[in-house]
Amino acid sequence: MATNNGDVLMLEAAPEAARPWASAANAEVIDALPYIDDDYGNPLIKAEVDRLVEEEMRRSSRKPADFLKELPPLPKFDFENCPVLGKEYERVRAGKPPVRIDFESRYKLELPPASKKNDDAAWKQYLQKNQRSLQQKMIELENLELMSKHGPELWRQNNHRLEVFLTRMQRLAQEQNVEIEKVNRERKYHQQTTAYELNALSQEWRQLCVKNMEIQSACAVLETQLDSFKREAAERGWNLEEKLESAKPLQPQ
């Protein structure tokens with residue numbers, strides 16, 4: 001934000017330190033004064049500006065899809081220390097659905113097949129599996145009991161934390177809005193205050209331009225008259241250069 005003796009007058013692009021990937025050649029400066037520049041409100045000027053913008057966009061080689069081209073590339077994730085997470089990352093990138101865990105068949109009570117009804121090892125294996133299923137069901141019941149006992153209070157505490165966080169975020173957003181409004185009011189005040197000086201300078205510039213054109217026109221008339229006098233002197237056979245050299249300079253009185 002450019003300043004003139006502390007006065008906020010216009011916006012500028014972000015400093016180079018904020019965009020280390022951008023070169024100085026691509027720096028942009030916004031020198032608009034939105035609070036005093038009302039030319040865009042003229043329909044004729046607005047139509048001409050829109051036409052120029054559309055023409056520049058057609059001639060521009062930068063397309064809307066390339067607006068992130070100047071940013072540094074994203075780091076490459078290899079997930080060397082976590083291959084499971086790497087597989088999940090590749091699955092998400094490929095757009096594949098997640099693998100569903102089948103808890104029903106995993107903890108379902110089963111009996112040995114008819115061909116292994118007299119096999120003690122098979123009975124022990126299925127017994128261990130059913131014991132695991134029974135233990136899983138007991139854990140689920142305990143979780144349900146704990147949820148029914150402590151769940152409502154935990155939800156209330158969590159909702160309270162979310163409400164506190166929401167209040168804090170709203171307060172920060174309100175503070176930022178106040179700062180933004182303060183900057184906008186300062187810019188508006190300083191631009192409107194400086195508008196008188198800018199208008200006076202613009203009027204003076206126009207007057208000087210008109211005066212310069214009048215001087216150029218008068219000089220052109222004098223040069224035309226001088227050429228005419230030279231031609232007349234040449235026709236009469238007068239040597240103006242000798243007369244000018246012999247002429248005595250005027251002495252101040």
Side-chain angles (χ1 to χ4, degrees), residues 13-28 57-58 60-181:
E16 195 66 24
R19 300 192 308 164
W21 60 87
S23 61
N26 297 329
E28 299 177 358
M57 291 179 65
R58 286 195 301 268
S60 177
S61 60
R62 180 176 298 181
K63 303 301 180 183
D66 300 336
F67 71 99
L68 296 178
K69 189 176 181 180
E70 297 179 355
L71 296 178
L74 294 175
K76 185 178 180 181
F77 300 99
D78 48 13
F79 301 103
E80 294 181 355
N81 299 326
C82 188
V84 176
L85 185 59
K87 292 181 180 179
E88 186 66 14
Y89 177 76
E90 294 297 333
R91 180 193 64 78
V92 174
R93 285 192 59 185
K96 297 180 180 180
V99 179
R100 182 176 178 273
I101 301 177
D102 189 3
F103 289 99
E104 295 181 0
S105 60
R106 183 175 182 180
Y107 299 105
K108 183 180 179 180
L109 294 176
E110 296 179 357
L111 296 176
S115 59
K116 296 184 179 181
K117 284 187 176 182
N118 298 324
D119 189 352
D120 294 341
W123 276 101
K124 290 181 180 180
Q125 180 180 358
Y126 277 88
L127 178 61
Q128 293 176 356
K129 181 178 180 181
N130 292 332
Q131 286 177 345
R132 289 195 299 268
S133 300
L134 180 60
Q135 184 64 30
Q136 174 65 22
K137 296 299 180 182
M138 293 177 62
I139 293 175
E140 291 178 358
L141 290 175
E142 291 178 358
N143 290 334
L144 291 175
E145 291 177 359
L146 292 174
M147 180 63 70
S148 62
K149 182 178 180 180
H150 304 287
E153 182 62 25
L154 291 176
W155 275 107
R156 282 192 291 267
Q157 293 179 5
N158 184 61
N159 291 337
H160 177 69
R161 286 193 295 268
L162 293 177
E163 290 175 355
V164 172
F165 180 75
L166 176 61
T167 303
R168 179 172 175 269
M169 291 295 103
Q170 290 176 343
R171 178 175 56 81
L172 292 177
Q174 185 177 4
E175 292 177 356
Q176 292 297 323
N177 290 333
V178 170
E179 292 296 326
I180 293 173
E181 187 65 23

If you round to the nearest 0.5 Å, how far is [atom2] of [Y] from [atom1] of [X]?
X    : Y    : atom1 : atom2 : result
L127 : L134 : CG    : CG    : 10.5 Å
W155 : M147 : CH2   : CE    : 8.0 Å
Q136 : N130 : CD    : CG    : 13.5 Å
L85  : E90  : CG    : CD    : 10.5 Å
N177 : Q170 : CG    : CD    : 11.5 Å

(message) Just so I know, are the side chains of R91 and K87 near enough to count as touching, which here means a heavy-atom distance under 4.5 Å?
(response) no
May I ask you to check whether over 12 heavy atoms, not counting those of [X], lie within 6.0 Å of atom [atom1]?
X    : atom1 : answer
N81  : CG    : no
Q174 : CD    : no
M138 : CE    : no
N118 : CG    : no

(request) Identify the heavy atoms of A122 and P112 that sit nearest to each other, and give their distance. (result) O-CG, 4.3 Å
(request) Indicate the atoms forming the closest heavy-atom contact of L111 with Y126, along with that distance. (result) O-CE2, 3.8 Å
(request) Taking only Lys NZ, Arg NE, NH1 and NH2, and the carboxylate oxygens of Asp or Glu, determine whether E153 and R156 approach each other closer than 4.0 Å. (result) yes
(message) If you apply the rule side-chain contact (heavy atoms from CB on, under 4.5 Å), what do you find for Q128 with R132, and how did you get there?
(response) CA-CA 6 Å; Q128 293 176 356; R132 289 195 299 268; 4.1 Å; yes
(request) Please check if any side-chain donor atom of Q135 sits under 3.5 Å from a side-chain acceptor atom of Q131, or the reverse. (result) no
(request) Spell out, as yes or no, whether a donor-acceptor pair under 3.5 Å connects the side chain of N158 to the backbone of L154. (result) no
(request) Go through E175 and R171 one step at a time and tell me if the salt bridge (Lys or Arg N to Asp or Glu O under 4.0 Å) criterion holds. (result) CA-CA 6 Å; E175 292 177 356; R171 178 175 56 81; 3.2 Å; yes
